2 protein chains.
Amino acid sequence: MAVTRTGLKARPKKQRRMSGQERRRQIVRAAMDLFARKGFKGTTTKEIALAAGVNEAMIFRHFPTKGDLYAAIIDYKMDQCGEWISRVHEEAARRKDDRAMFLALARGILAFHEQDGTFMRLLLYSALEGHELNRMFFETQVVEHFEFLADYIAQRVRDGAFRPVNPRVAARAFLGMITHHAQVRELFDPQGRLLNVDSDAAAAELVDIFLAGVARR
Amino acid sequence: MAVTRTGLKARPKKQRRMSGQERRRQIVRAAMDLFARKGFKGTTTKEIALAAGVNEAMIFRHFPTKGDLYAAIIDYKMDQCGEWISRVHEEAARRKDDRAMFLALARGILAFHEQDGTFMRLLLYSALEGHELNRMFFETQVVEHFEFLADYIAQRVRDGAFRPVNPRVAARAFLGMITHHAQVRELFDPQGRLLNVDSDAAAAELVDIFLAGVARR
DNA sequence: CGAAAGATTGTAAGTACTTACTTACTTTGT
DNA sequence: ACAAAGTAAGTAAGTACTTACAATCTTTCG
């Protein structure tokens with residue numbers, strides 16, 4: 001009755017085995033890439049295992065469910081993103097004039113999209129899919145980003161340097177210009193041939209348009 | 001041996017039955033809604049059938065595969081969207097001054113997002129999912145939209161009314177402001193409380209910022 | 001007209017396959 | 001010796017799609 005499941009002894013492979021942490025990172029990296037390209041439902045645990053080069057069962061040793069793996073990714077990246085936001089804000093706030101400050105902001109956002117476009121895609125996906133964690137992300141990080149800009153603009157309005165625009169509308173305008181640019185570039189125009197200028201020059205021109213748009217006449 | 005499958009005679013329901021076309025439309029409508037909310041993979045044919053109030057098998061009588069149903073939706077909406085774009089362009093082109101023209105454009109885009117936000121979500125989804133049909137959509141309709149704006153801006157630069165901006169960068173800036181606004185509103189801020197102004201007022205202010213941004217100094 | 005024939009709409013009960021997740025067991029490092 | 005890493009082979013619950021057949025509408029022809 002009690003027949004061994006395999007029927008044969010597994011032959012010993014002399015390969016170095018990995019620590020749990022290493023494997024965990026490997027799985028997370030592969031999963032993020034796949035989730036970003038095909039969405040949560042569109043990605044199977046089998047695919048993740050294949051891409052990560054691990055046995056499928058290992059995924060479930062590290063993360064109880066597929067959803068937990070997803071949550072772990074967002075959780076991990078969220079912290080990273082929070083740090084990045086404050087770093088960019090600090091750097092931007094150090095600038096002496098508006099142009100330098102908005103340029104720093106624009107470049108920071110574009111750089112993040114370029115370097116971490118995968119995660120941005122994943123965020124977009126999860127925004128659509130309506131994940132709770134994602135909602136949290138937007139309601140903390142993105143709103144913080146938004147508020148920082150709105151506050152800055154409000155101050156400049158009070159200074160009399162900007163004309164009396166609604167600071168929040170203006171902030172959304174600026175973020176819209178930049179993130180739309182980044183998104184279009186990522187999804188449809190990676191070579192930037194539609195614009196005929198490189199990303200940095202485009203960022204500079206967008207900043208110019210925005211600043212002229214809110215400057216006192 | 002040859003036992004009837006059901007075992008009992010189906011009792012005749014005196015309900016009016018629908019024409020194929022009606023059912024088709026019903027299925028398409030329900031499917032679009034679900035695809036937009038949960039993505040292609042995230043939606044099951046069973047759910048679609050339930051939402052449309054039809055038997056699951058009916059879906060497959062009208063559309064050979066789930067993919068064909070998806071394609072039919074995009075195909076149908078694509079035409080509709082094309083018509084809408086030319087109508088908005090015509091209307092915008094009729095305006096006498098820049099402000100009226102950009103306002104017409106902005107309101108047109110926002111209205112489409114508001115009225116057909118479902119389809120916009122579906123488009124975003126399929127952009128992420130990398131569907132071929134979607135790519136086609138963007139490379140025809142959206143580029144057309146973009147080119148129309150860029151041409152208009154280029155003309156105004158030649159007129160000397162706008163300063164010498166890169167017309168394509170400026171066009172992307174404007175579309176970015178408007179579509180980002182629409183997206184944020186749809187996904188995170190349906191009440192518009194983050195901006196503290198209604199959508200129409202926001203559109204007007206965005207247009208003002210943009211026009212001041214590209215105006216000759 | 002009216003009714004049989006033929007086409008179309010509708011449905012319950014499948015099928016073959018995939019999916020997330022488990023289990024029982026082996027190998028390796030300390 | 002013991003715990004952690006690793007694996008092949010499951011399993012139950014979906015999944016897209018099919019089939020066999022019943023109800024109802026439309027057309028044709030006496």
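Chain letters run A, B, ... following the sequence lines, proteins first and then strands; every chain starts at 1. Computed from a prediction, not measured in an experiment: that's the story for all the values here.
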Separation of atom CD in A:E22 from atom P in C:dG29, rounded to whole Å: 13 Å

Separation of C:dT22 P from A:F63 CZ (nearest whole Å): 15 Å

Output field: ring centroids A:F102/A:Y152 closer than 6.0 Å: yes

Check: B:R61 side chain, C:dG10 base, donor-acceptor under 3.5 Å: yes

Check: A:H113 ring centre within less than 6.0 Å of A:H181 ring centre: no

Presence of A:R23 side-chain N/O under 4.0 Å of D:dG6 phosphate oxygens OP1/OP2: yes

B:Y125/B:F40 aromatic ring centres below 6.0 Å: no

Side-chain ion pair, A:R37 and A:D33, N-O less than 4.0 Å: yes

Interatomic distance, B:N55 CG vs D:dC21 P [rounded to whole Å]: 17 Å

Atom-to-atom span, CZ of B:F60 to P of D:dC17 - whole angstrom: 5 Å

Rounded distance (Å) that lies between atom C1' of C:dT9 and atom NE2 of B:H62: 8 Å

Residues B:R172, A:D189: salt bridge by 4.0 Å N-O rule: yes

Parallel, tilted or perpendicular: ring planes of A:H89 versus A:F148, cut at 30 and 60 degrees: parallel

Atom-to-atom span, CZ of A:R24 to P of D:dA5 - whole angstrom: 11 Å

Integer-rounded Å distance: C:dC21 P and A:I27 CD1: 14 Å

Proximal nucleotide (of C:dG10, D:dA8, D:dT18) relative to the B:M58 side chain: C:dG10

Length of the NZ-P vector between B:K66 and D:dA16, whole Å: 4 Å

Stretch residues 35-49 of chain B: residues that reach within less than 4.0 Å of DNA chain D through a heavy atom: B:T43, B:T44, B:T45

Earlier contact from the 5' end, DNA chain D, for A:V54 and B:E56: A:V54

Single hit among B:L211, B:T179, B:V207 for side chain to side chain contact (heavy atoms under 4.5 Å, CB included) with B:F174: B:V207

